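This chain uses plain numbering: 1 for the first residue, then up along the sequence. Keep in mind that this is a model prediction, so the values were computed, not measured.
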Amino acid sequence: MKRAIITGITGQDGSYLAELLLSKGYEVHGIIRKSSTFNTHRIDHIYVDPHELEARFFLHYGDLTDASTITEIVQQVQPDEVYNLGAQSHVKVSFQMPEYTANATGLGTLRLLEALRKNKIDAKFYQASSSEMFGGSPAPQCEETAFYPRSPYAAAKVFSYWTTLNYRQAYNMFACNGILFNHESPRRGETFVTRKITMAVVNMLLKKQNKLYLGNLNAKRDWGFAPEYVEAMWQMLQQQKPDDFVIGTGQCYTVRDFVQKVFSYVGVDLEWIGTGIQEIGLITSLDARWEKVFKPGDIVVEVDPRYFRPTEVEHLQADISKAKDILCWQPRITLDDLIKIMVDYELMFAELSPIGEGLNICQTKRFLYTSHTMTWRNEIRDTFSL
């Protein structure tokens with residue numbers, strides 16, 4: 001039985017990766033930070049009492065800013081594979097907490113690699129690199145594109161990327177960088193723009209929110225479906241030689257496009273008026289289901305300059321030719337599919353009737369995950385098959 005360590009296991013990617021590895025027969029060890037409140041809702045459904053004989057899922061308290069605990073966990077587990085997904089990963093927050101971001105996101109990678117090297121553990125290592133490293137470089141971006149980080153988060157990820165590459169070359173370690181472009185799901189954090197949008201639209205339907213406030217509507221991103229991306233992570237560590245790969249969809253849309261598609265899926269059409277910070281999105285027509293909630297002419301989207309970054313990243317779009325050729329990996333979920341999946345989840349969580357297309361997409365695409373439940377705010381709700 002292979003043993004894997006996952007940092008950041010309580011996050012979106014960590015939870016999906018844990019499910020994937022457990023489905024493949026791994027023993028999975030997750031590192032979580034100690035907190036006075038539980039933040040394990042994304043993995044509660046796969047938790048098994050470690051006293052049970054069949055238990056293959058274990059959690060350890062640790063922190064990427066603390067080398068001693070990282071080293072102790074690595075020594076104890078003796079992993080075959082290590083997936084470093086842990087980070088302070090919110091770009092806007094990294095401007096407010098640059099030192100912590102550099103410590104956890106940048107030096108955390110170094111601490112893990114050193115723990116493996118010093119203990120002579122021959123484990124394969126995956127580093128979660130980010131498309132934000134490309135920053136201001138022209139799109140589309142591939143493995144050979146120059147890095148041009150535009151935030152403390154991106155700069156820390158560049159440090160981690162080169163540290164991983166250096167340890168591969170200097171110590172002959174099996175260490176890979178997965179340069180993942182934006183990837184989303186119903187488990188995305190509520191402060192990330194895609195989840196913020198889907199939640200806001202459903203909250204408006206419930207009359208819990210009047211408007212959606214956003215920053216740069218012109219920012220272009222390559223959005224994919226997170227469960228597909230963790231498959232690529234695993235595939236990188238199954239190759240004969242370590243290498244670095246860009247993972248994305250190759251398709252690009254603006255934040256405005258994303259908002260438009262979300263409203264359209266629930267039966268509300270928008271028109272955009274104005275430019276810059278004066279731009280607004282207003283309703284032109286709507287499904288009869290929502291006539292008691294909205295009316296034509298209602299302004300539902302506004303720009304708030306507080307959400308602008310000090311340095312913007314305007315255009316990220318992946319060139320995944322290498323991943324297609326070597327990993328035989330390519331995305332199956334389109335942006336329209338992704339939005340339907342996320343909105344249907346929000347509707348179900350709000351106890352509204354889902355439109356159903358997103359549920360059907362998950363069932364027909366038949367991901368590696370046969371079923372799962374989402375534990376949320378101490379309540380377990382059955383969701384769609386993945």
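- Ion pairing between Asp337 and Lys340 fails under the 4.0 Å rule for side-chain N and carboxylate O.
- Of the charged side-chain nitrogens involved, at least one lies within less than 4.0 Å of a carboxylate oxygen, so that Arg332 and Glu231 count as a salt-bridged pair.
- Of the residues Ser130, Ser129, Ser160, the one that meets the side chain to side chain donor-acceptor pair (under 3.5 Å) test with Asn177 is Ser129.
- Summarising the geometry of Pro138 relative to Thr145, their closest heavy-atom pair is O-CG2, 4.5 Å, with the distance given to 0.1 Å.
- Other residues, nucleotides and ligands contribute at most 12 non-hydrogen atoms within 6.0 Å of the CD atom of Glu99.
- Crowding of Asn172 atom CG: a count of heavy atoms from other residues, nucleotides or ligands under 6.0 Å not exceeding 12.
- Of all the heavy atoms in Pro227 and Ser185, the pair that sits closest is CD-CB, 4.4 Å.
- With sequence neighbours excluded, the residues that form a side-chain contact (heavy atoms from CB on, under 4.5 Å) with Pro50 are Tyr47, Phe58.
- Legend: residues meeting salt bridge (charged side-chain N to carboxylate O under 4.0 Å, His left out) with Glu279, ordered by chain and number and at least two apart, are Arg256.
- The pair Arg306-Asp304 meets the salt-bridge criterion, with a side-chain N (NZ, NE, NH1 or NH2) lying under 4.0 Å from an Asp/Glu carboxylate O.
- Around the CH2 atom of Trp162, the shell of radius 6.0 Å holds no more than 12 heavy atoms that belong to other residues, nucleotides or ligands.
- Asn216 meets the side-chain contact (heavy atoms from CB on, under 4.5 Å) test with Asn218, Ala219, Phe308, Glu312, Glu314; sequence neighbours excluded.
- Shortest non-hydrogen contact noted between Val293 and Leu205 is CG2-O, 3.6 Å.
- A distance-only check finds no donor-acceptor pair linking the side chain of Arg195 to the backbone of Gly189 [under 3.5 Å].
- Taking the six-membered ring wherever Trp is involved, the centroid distance between the rings of Phe258 and Trp223 falls below 6.0 Å.
- In terms of the side-chain contact (heavy atoms from CB on, under 4.5 Å) criterion, residue partners of Arg111 (sequence neighbours excluded) are, by chain and number, Thr65, Ala67, Asn103, Leu107.
- For the residue pair Gly62 and Ile73, the shortest heavy atom distance occurs at CA-CD1, 4.2 Å.
- Every ring pair (Phe, Tyr, Trp, His ring centres under 6.0 Å) that Tyr161 has, sequence neighbours left out, goes to Phe147.
- In terms of hydrophobic clustering, with Ile, Leu, Val, Met, Phe, Trp and Tyr side chains grouped at heavy-atom distances under 4.5 Å, Val255 and Val93 are assigned to different clusters.
- Across all their heavy atoms, Leu64 and Gly86 have their closest contact at CD1-O, 3.4 Å.
- Shown here is Lys322, whose NZ atom has more than 12 heavy atoms of other residues, nucleotides or ligands within 6.0 Å.
- Using modelled atom types, one finds a donor on one side chain and an acceptor on the other under 3.5 Å when comparing Glu81 with Tyr26.
- At distances below 3.5 Å, at least one donor-acceptor pair connects side-chain atoms of Gln141 with backbone N or O atoms of Ser137.
- A donor-acceptor pair under 3.5 Å is absent between the side-chain atoms of Asp344 and the main chain of Ile341, judged by distance alone.
- Other residues, nucleotides and ligands contribute over 12 non-hydrogen atoms within 6.0 Å of the CG atom of Asp269.
- Using modelled atom types, one side-chain atom of Thr105 and one backbone atom of Gln88 make a donor-acceptor pair closer than 3.5 Å.
- Looking at residues two or more places apart in sequence or on another chain, you find a ring pair (Phe, Tyr, Trp, His ring centres under 6.0 Å) between Tyr167 and Tyr171.
- The salt bridge (charged side-chain N to carboxylate O under 4.0 Å, His left out) pairs that include a residue from residues 148-176 are Arg168-Asp244, where partners are two or more places apart or lie in different chains.
- Remark: Tyr100 engages no residue in a ring pair (Phe, Tyr, Trp, His ring centres under 6.0 Å) (not counting sequence neighbours).
- Annotation: cation-pi geometry satisfied between Lys196 and Tyr307 (NZ/CZ under 6.0 angstrom from ring centroid, within 45° of ring axis).
- Using a 4.0 Å cut-off between charged nitrogen and carboxylate oxygen, Asp336 and Lys261 count as a salt-bridge pair.
- Taking 4.0 Å as the cut-off between side-chain N and carboxylate O, Arg187 and Glu19 count as a salt-bridged pair.
- Each salt bridge (charged side-chain N to carboxylate O under 4.0 Å, His left out) pair with one or both residues in residues 57-71, not counting sequence neighbours, would appear here, but there are none.
- For His315, there are no ring pair (Phe, Tyr, Trp, His ring centres under 6.0 Å) partners, not counting sequence neighbours.
- Remark: aromatic rings of Trp329 and Tyr229 are close, center separation under 6.0 Å.
- Of all non-hydrogen atoms in Ile247 and Met236, the two that sit nearest each other are CG1-CE, 3.6 Å.
- Scored by the salt bridge (charged side-chain N to carboxylate O under 4.0 Å, His left out) test, Glu27 finds no partners at all (sequence neighbours excluded).
- For residues 190-210, the ring pair (Phe, Tyr, Trp, His ring centres under 6.0 Å) pairs, not counting sequence neighbours, are His90-Phe192.
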